[in-house]
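Below is one structure, written out as structure tokens, with a few remarks after it.
Throughout, a chain's letter reflects where its sequence line sits, starting with A, and its residues are numbered from 1.
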Amino acid sequence: MTCGKNRTDPIEADPAAIADALGTWYAANARALPWRADPTPYRVLLSELMLQQTRVETVLPYFARFVRRWPTLADLAAADEVEVLEEWAGLGYYSRARNLHRCARAAARGLPPTAAELALLPGIGPYTAGAIASIAFGEAAALVDGNVERLLSRLDGRDLDPRSKEGKRALWARAGELQRSRGALRPGDLNQALMEMGATVCVPRKPRCHTCPLAGPCAARASGTPERWPTPTRKAPVAAIRGAAGVFETAAGRLLGRRVAGGLLGGLWEPIRVEIGELTEPGPALVAGFAALGLTVRLGTRRPDVVHVFTHRRLTCAVFEVAQLVGEPVPAPPYEEVAFRGDLRGLSTLARKILEA
DNA sequence: AACACGTGGTT
DNA sequence: TAACCAAGTGT
């Protein structure tokens, strides 16, 4: 090593020293986030549900709208699920909105203070339970998310597969060890320090080791190729699928369907849309789709295709204007409601792209 | 265990 | 640009 300093064996690096370094770093570098300014159980729950697989910057405006519209857990519990879903529209992973609402209903009088009890609530898994318990209630609960996984894998230079049982066990054990060694640092701050470090310093492609307070004991840093961790996991290829959608606008509004709960984009509104096979003609398939809803249509101008990428699918959707429409809409799968609507509330991002095509 | 589940940013 | 991946959970 060019530094020439004696280094502690990383695996045995003193957990108390690591926790202390994390705490000092966090005190000086924590971003000012709205749920940190006032970490009530409700606000922490809301932020954590929104932050699942979603970036902080994306969550910010949604969090502000939610707490303004529903200032307390009881307010949210009293809301209609449809309203919650509409406010969530655009954030993605819509089962989270349903889970959030069910969670609020189940705990309207107050969230339980322990990770074990929290984990029994809808939408709250091991990570979120640890986050709420530690941040909002001060329980010394551990937590492992993508950031912590990456940071700890690098710190110890261990090839841990977070999807395997042993990998999970090792990661959670290490996080628990740090939690028990945190000293005067608050449990929630220890956890947030780990995540904040992972999100801003120990980042995926090019870790900023020169600014890292754990560079000393870090095995990945010592290896010279810190970006090698964590070991990449194989991802299923993104399947290409095709579809067709029909845009029909009148003075009464646009014809939209609300998708059945549970599946892709469940509960959200969109222009009537069908999925088609690779060789299927989009026009006739779309006409058949309208017919299934009791509507006879004549298609007009074709607009540019819309390409939309989901986590596991890449959709290329043909878009047609509907020139003529006859009949009264009768809901049928995948739509549980079909109506003319004058506003764009509750539309998925895909739906907005189709309307703008 | 493996896959479904949205959207947007980064490289 | 295609691939990666983000404060994961439910099934």
Side-chain angles (χ1 to χ4, degrees), chain A residues 30-31 33 35-36 39 43-63 85 88-100 102-103 118-136 142-151 161-168 171-172 175 188 191-200 202-207 227 230-241 259 261-268 270 306-315 347-353:
Chain A
R31 289 170 290 184
L33 301 174
W35 45 88
R36 283 182 179 159
R43 290 165 65 90
V44 174
L45 167 75
L46 192 56
S47 66
E48 290 300 339
L49 269 285
M50 288 183 167
L51 285 163
Q52 288 170 5
Q53 298 288 284
T54 308
R55 295 168 180 283
V56 166
E57 304 72 43
T58 306
V59 165
L60 255 14
Y62 286 88
F63 181 84
L85 202 50
W88 195 279
L91 235 200
Y93 283 139
Y94 298 100
S95 64
R96 291 183 298 171
R98 228 175 291 279
N99 288 151
L100 169 65
R102 287 202 294 141
C103 183
L118 286 161
L120 299 174
L121 264 7
I124 300 183
Y127 160 77
T128 306
I132 299 173
S134 64
I135 298 170
L143 119 197
V144 175
D145 74 333
N147 292 308
V148 178
E149 170 206 326
R150 184 173 55 252
L151 187 152
D161 180 355
R163 297 169 311 170
S164 73
K165 189 165 280 186
E166 321 93 81
K168 279 194 183 75
L171 257 359
W172 281 84
N191 284 336
Q192 292 189 85
L194 283 167
M195 294 191 285
E196 192 85 343
M197 277 273 298
T200 62
C202 199
V203 293
R205 307 297 182 76
K206 295 186 175 175
E227 67 283 354
T231 308
T233 57
R234 250 189 236 97
K235 300 261 158 72
V238 176
I241 60 173
R259 298 184 65 82
L264 191 66
L265 304 176
L268 294 204
E270 65 180 17
V306 165
V307 175
H308 191 73
V309 181
F310 300 99
T311 303
H312 55 300
R313 281 173 217 177
R314 174 194 169 85
L315 168 68
L347 267 70
S348 65
T349 299
L350 167 62
R352 288 171 187 270
K353 280 195 199 172

Whichever of Gly262(A) and Lys206(A) has its nearest DNA chain B nucleotide further upstream toward 5' = Gly262(A)

Which sits closer to the 5' end of DNA chain B, Lys165(A) or Arg205(A), going by the nucleotide each is nearest to?
-> Lys165(A)

Which nucleotide of DNA chain C is the first, and which the last, in the 5' to 3' direction, to come under 4.0 Å of a heavy atom belonging to chain A?
->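 Contacts span dC4(C) to dG10(C), reading 5' to 3'.
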
Contact nearer the 5' end of DNA chain C, comparing Gln52(A) with Glu149(A) | Glu149(A)

What residues form a side chain to side chain donor-acceptor pair (under 3.5 Å) with [X], not counting sequence neighbours?
X: Tyr93(A); value: Thr311(A)
X: Asn147(A); value: Asp145(A), Arg150(A)
X: Arg205(A); value: none
X: Arg163(A); value: Asp161(A)

Could I get the full list of salt bridge (Lys or Arg N to Asp or Glu O under 4.0 Å) partners for Glu48(A), not counting sequence neighbours?
->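 Glu48(A) satisfies salt bridge (Lys or Arg N to Asp or Glu O under 4.0 Å) with no other residue.
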
For [X], answer base if it contacts any base atom (sugar-phosphate contacts may also be present), sugar-phosphate if it contacts only those atoms, and nothing otherwise; contact means non-hydrogen atoms under 4.0 Å.
X: Thr58(A); value: nothing
X: Arg352(A); value: nothing
X: Arg31(A); value: base
X: Leu33(A); value: base
X: Trp35(A); value: base
X: Thr128(A); value: sugar-phosphate
X: Val309(A); value: base
X: Pro232(A); value: nothing

CD on Gln52(A) to OH on Tyr127(A), rounded to 0.5 Å =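 Answer for the OH-CD pair, Tyr127(A) versus Gln52(A), is 8.0 Å.
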
What are the bounds, 5' to 3', of the part of DNA chain B that sits under 4.0 Å from heavy atoms of chain A?
-> dA1(B) to dT11(B)

Without swapping roles, check the side chain of Arg36(A) against the backbone of Arg31(A) for a donor-acceptor pair under 3.5 Å.
-> yes

Separation between the P atoms of dA7(C) and dC3(B), rounded to whole Å = 24 Å

When you compare dG6(B) with dT11(C), how far apart are their P atoms, in angstrom units rounded to a whole number?
->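 It comes out at 14 Å once rounded to the nearest Å.
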
Residues in side-chain contact (heavy atoms from CB on, under 4.5 Å) contact with Pro162(A), at least two apart in sequence or another chain |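 Per chain and number, Pro162(A) pairs via side-chain contact (heavy atoms from CB on, under 4.5 Å) with Glu149(A), Leu171(A).
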
All side-chain contact (heavy atoms from CB on, under 4.5 Å) counterparts of Ala129(A), not counting sequence neighbours = Ala115(A), Leu118(A), Ala119(A), Ile124(A)

Return yes if a side-chain donor-acceptor contact under 3.5 Å exists between Thr54(A) and Arg96(A), otherwise no.
->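 A donor-acceptor contact under 3.5 Å links the two side chains.
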
Residues 127-136 of chain A vs salt bridge (charged side-chain N to carboxylate O under 4.0 Å, His left out), sequence neighbours excluded, gives none

What pairs with Phe63(A) under ring pair (Phe, Tyr, Trp, His ring centres under 6.0 Å), at least two apart in sequence or on another chain?
-> Trp35(A)

Output the residues of residues 89-98 of chain A in contact with DNA chain C, where contact means a heavy atom of the residue under 4.0 Å from an atom of the strand; sort by number or write none.
-> none

